[in-house]
Amino acid sequence: MKIRSAVFELGAVKPAQWPADGLPEIAFIGRSNVGKSSLINKLLGRKSLARVSGTPGKTRETNFYRINEKFRLVDLPGYGYATVSKTERTRFQKMLETYLTERTVLRRVVQLVDIRHPPSAMDVAVHEWLLALDAPVLVVATKSDKLSKSAVVKSLGMIRTTLSTPAELIATSAETGSGIAEVWAYLDSQLNHP
Ligand code: GTP
Ligand code: MG
């Protein structure tokens, strides 16, 4: 994928703010700190278009990035961050649910899990929920630079077993760029043949 333009459009806090021009979307979902914003930056070849922080729970809005005037990448708020208030957590969940069930331009959901740990109960629940919604899912296992090559292979097997999923599974590193071309190849085919 050649990135000719990548523009941060807006951080939405409610559905009324979502762009309404019908461009197709690819959404990124995963727990706080798993590396959603870092993956988006790496995919776009931009250093800090999406805000990355060591403090989990940073991305609270639904952030829309317009790419090549052709499609959008959507950075969804991270789930499972323990210290946010219950009210806020419920608000996130509602927002995610509304987005995933009502967003007709949604072409692909990329669910991120940390390659170093077995998917959490929340990761499994979200994955099952996505499958139940019939949402087309790609699972990305992030931070592969933190493991040896053989540990990456082992971990991918463990992730597939824990999620017990038929979904495509790709290991990535936002540090080294490993797996990024694979993710693009996959998303490209989804954008061109929805
Ligand atoms: P929220 O916005 O809080 O939901 O987090 P996020 O999922 O967007 O995670 P973010 O991209 O902000 O990354 C969280 C932390 O993990 C940052 O310190 C990143 O530098 C680090 N990180 C992300 N991806 C990678 C990776 O592939 N390798 C390594 N080593 N670190 C990573
Ligand atoms: Mg983020």
Side-chain angles (χ1 to χ4, degrees), residues 6-13 25-67 72-85 88-97 99-100 108-127 129-130 137-156 158-159 163 169-184 186-187:
V7 183
F8 168 66
E9 273 186 302
L10 74 139
V13 294
E25 286 176 1
I26 293 162
F28 294 76
I29 188 170
R31 70 165 179 73
S32 266
N33 221 37
V34 70
K36 295 177 294 298
S37 303
S38 302
L39 177 65
I40 288 174
N41 284 331
K42 199 68 185 177
L43 285 168
L44 297 176
R46 303 290 196 273
K47 268 243 143 59
S48 50
L49 190 65
R51 204 152 52 113
V52 173
S53 162
T55 322
K58 262 283 171 235
T59 313
R60 304 226 161 162
E61 297 87 27
T62 299
N63 290 316
F64 292 84
Y65 299 90
R66 196 174 67 241
I67 314 305
R72 289 189 174 87
L73 300 186
V74 182
D75 194 357
L76 293 167
Y79 55 72
Y81 181 50
T83 70
V84 300
S85 70
E88 200 160 2
R89 211 153 53 219
T90 312
R91 199 172 64 81
F92 282 1
Q93 277 167 10
K94 275 216 97 128
M95 173 99 161
L96 285 177
E97 187 173 339
Y99 180 83
L100 292 166
R108 231 19 170 208
V109 179
V110 181
Q111 185 183 9
L112 288 76
V113 295
D114 191 318
I115 200 158
R116 296 170 297 174
H117 314 291
S120 69
M122 187 77 182
D123 289 330
V124 175
V126 167
H127 193 74
W129 185 54
L130 290 170
V137 195
L138 164 68
V139 178
V140 161
T142 62
K143 312 194 185 185
S144 66
D145 56 282
K146 301 261 195 185
L147 296 182
S148 69
K149 273 212 171 102
S150 60
V152 164
V153 174
K154 208 172 140 198
S155 194
L156 286 177
M158 176 268 293
I159 289 166
L163 294 179
L169 175 59
I170 300 173
T172 63
S173 166
E175 290 286 318
T176 67
S178 170
I180 296 297
E182 258 176 288
V183 172
W184 265 133
Y186 179 83
L187 295 178

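Note that the structure is a prediction, hence the values are computed from the model and not measured. Residue numbers run from 1 in the order of the sequence given. Remember, it's 1-based here, ligands and their atoms both numbered in the order they're listed.
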Decide whether an N or O pair under 3.5 Å exists between [X] and ligand 1.
X	value
Ser37	yes
Asp75	no
Asp145	yes

ask   = For atom 11 (O) of ligand 1, which candidate among Gly30, Ser38, Ala174 provides the closest heavy atom?
value =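 Among Gly30, Ser38, Ala174, the closest heavy atom to atom 11 (O) of ligand 1 belongs to Ser38.
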request  = Between Lys143, Glu61, Glu175, flag the one that comes closest to atom 22 (N) of ligand 1 by a heavy atom.
outcome  =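 It is Lys143 that holds the nearest heavy atom.
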inquiry  = Taking N, O or S atoms only and a limit of 2.8 Å, check whether Ser37 reaches the Mg ion (ligand 2).
reply    =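 Yes, since at least one N, O or S atom of Ser37 sits under 2.8 Å from the Mg ion (ligand 2).
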request  = Report yes or no: do Asp123 and Ser120 form a side-chain donor-acceptor pair below 3.5 Å?
outcome  =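 Yes, Ser120 and Asp123 have a side-chain donor paired with an acceptor closer than 3.5 Å.
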Just jot down the ligand 1 atoms closer than 4.0 angstrom to any heavy atom of [X], in number order.
X	answer
Gly78	4 (O)
Ser173	27 (O)
Gly35	6 (P), 7 (O), 9 (O), 10 (P), 11 (O), 13 (O), 23 (C)

message = Distance check, rounded to the nearest 0.5 Å: Asp75 atom CG versus Tyr65 atom OH?
response =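 Asp75 CG to Tyr65 OH: 5.5 Å, rounded to 0.5 Å.
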message = Between ligand 1 and Val34, can you find any atom pair, the residue atom being a heavy atom, that is separated by under 4.0 Å?
response =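 It does; at least one heavy atom falls under 4.0 Å.
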request  = Taking salt bridge (charged side-chain N to carboxylate O under 4.0 Å, His left out) as the test, write out the residues that go with Glu9, two or more places apart.
outcome  =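 Arg66, Arg72.
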ask   = Can you name the salt bridge (charged side-chain N to carboxylate O under 4.0 Å, His left out) partners of Arg116, sequence neighbours left out?
value =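 Scan of Arg116 (salt bridge (charged side-chain N to carboxylate O under 4.0 Å, His left out), adjacent residues dropped) gives Asp114.
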Candidate pair Glu25 and Tyr99, rule side chain to side chain donor-acceptor pair (under 3.5 Å), full reasoning = CA-CA 11 Å; Glu25 286 176 1; Tyr99 180 83; 2.6 Å; yes
message = Please check: side-chain N/O of Asp145 versus main-chain N/O of Ser173, any donor-acceptor pairing under 3.5 Å?
response =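 Side chain of Asp145 to backbone of Ser173: no pair is present.
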query = Of the options Leu49, Asn63, Ile67, Leu39, which is the one that meets Leu73 in a side chain to side chain contact (heavy atoms under 4.5 Å, CB included)?
reply =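 So, applying the side chain to side chain contact (heavy atoms under 4.5 Å, CB included) to Leu73 and each of Leu49, Asn63, Ile67, Leu39, only Ile67 qualifies.
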